[in-house]
Amino acid sequence: QLAQQPKETPQATVDPSKPVPGQYQDWETYTAALAEWTVTSTLKKAQEDHRVRSEKERFISTKRAFDERAAVVRSKYPDYDELFESAPISEAMAPTILESEQGPELTMYLAKNPEIARKIYHLSPTQAARELGKIEAKLDDLMKPVTVTNATPPLSPAKPKGAIPDGLDDSLPMDVWMKRRNKQLGR
């Protein structure tokens, strides 16, 4: 589902920009234009080939990193694979999930919340990325298991009320505190 490789761009069979002999006054001008066109088109093709190769390499690297993160999540959640397969993920959502550090957890969240996933499914790539980012930002809180207990909350420690006798206070300087304490003890 997420492992969709980038699509290669189809190559045109006839290039309308290629010089034709009838467009030029003499053979020499035509061959010069043809040579320039050949060099330019060869460079464009080489650049396109490099772009496609780089895109594929980046995809493979991103997919490998996602698979490593998924293995960690799979060890925590035995139902991960089943949830992963059931998650409704569109082509617009896939790149964001693949590149996310929390992609596997994000997929689990979407599988467990199909109504949210369906809403995102129909958004544009930019809107989908924005919504997935919002979920990702609060994912740690969303994935925590909810513990329900009927126990009463723990007691808070008792706090003294009223004034401290004879003005003894831990915030006083040591010499002032000692004088007051000695006075209290009758010394």
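- Residue T96 comes nearest to A129 through the heavy atom pair OG1-CB, 3.5 Å, listed as atom of the first residue, atom of the second, then distance.
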Exercise for the section: Could you please spell out the steps behind the salt bridge (Lys or Arg N to Asp or Glu O under 4.0 Å) verdict for D49 and K45? Expected result: CA-CA 6 Å; D49 290 347; K45 183 175 179 348; 3.0 Å; yes
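- Scored by the side chain to side chain donor-acceptor pair (under 3.5 Å) test, R74 finds D81 as partners (sequence neighbours excluded).
- Residues forming a ring-ring contact (aromatic ring centres under 6.0 Å, His included) with Y80 (at least two apart in sequence, or on another chain): F84.
- Looking only at side-chain heavy atoms (C-beta outward), K18 and L34 come within less than 4.5 Å of each other.
- Under the rule for a side chain to side chain donor-acceptor pair (under 3.5 Å), the partners of S124 that lie at least two apart in sequence or sit in another chain are Q127.
- Under the side-chain contact (heavy atoms from CB on, under 4.5 Å) criterion, T62 pairs with R58, L98, E99, sequence neighbours left out.
- With sequence neighbours excluded, the residues satisfying side chain to side chain donor-acceptor pair (under 3.5 Å) with K134 are E131.
- Looking at residues two or more places apart in sequence or on another chain, you find a side-chain contact (heavy atoms from CB on, under 4.5 Å) between S171 and D169.
- Looking at S61, its side chain never comes within 3.5 Å of a backbone N or O of E57 through a donor-acceptor pair.
- Residues R51 and E55 are in side-chain contact: their nearest non-hydrogen atoms beyond the backbone lie under 4.5 Å apart.
- Between V176 and R180, the closest side-chain pair of non-hydrogen atoms falls below 4.5 Å.
- Within the model, atoms CD of E105 and CG of L139 stand 6.5 Å from one another, a figure rounded to the nearest 0.5 Å.
- Take R181 and apply the side-chain contact (heavy atoms from CB on, under 4.5 Å) test, not counting sequence neighbours, and it matches L168, W177, Q184, L185.
- Every side chain to side chain donor-acceptor pair (under 3.5 Å) that S100 has, sequence neighbours left out, goes to E136.
- Minimum heavy-atom separation, A92 to P125: CB-CA, 3.6 Å.
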Exercise for the section: Please lay out, stage by stage, how K179 and D175 fare under the test salt bridge (Lys or Arg N to Asp or Glu O under 4.0 Å). Expected result: CA-CA 6 Å; K179 284 181 186 175; D175 59 329; 5.2 Å; no
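- Proximity of D15 to W37: side-chain heavy atoms (C-beta onward) are separated by under 4.5 Å at one or more points.
- How far CD1 of I89 is from CG of L106: 8.0 Å, rounded to the nearest 0.5 Å.
- Within the hydrophobic cluster formed by Ile, Leu, Val, Met, Phe, Trp and Tyr side chains joined at under 4.5 Å, directly or through other members, V39 is accompanied by L43.
- Under the side-chain contact (heavy atoms from CB on, under 4.5 Å) criterion, N113 pairs with Y109, E115, I116, sequence neighbours left out.
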Exercise for the section: Mind running side chain to side chain contact (heavy atoms under 4.5 Å, CB included) on I97 and L110 for me, showing each step along the way? Expected result: CA-CA 11 Å; I97 293 170; L110 293 171; 3.9 Å; yes
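- The side-chain hydrogen bond (donor to acceptor under 3.5 Å, both in side chains) pairs that include a residue from residues 21-30 are D26-T29, where partners are two or more places apart or lie in different chains.
- Residues satisfying the salt bridge (charged side-chain N to carboxylate O under 4.0 Å, His left out) test with R118, not counting sequence neighbours, are none.
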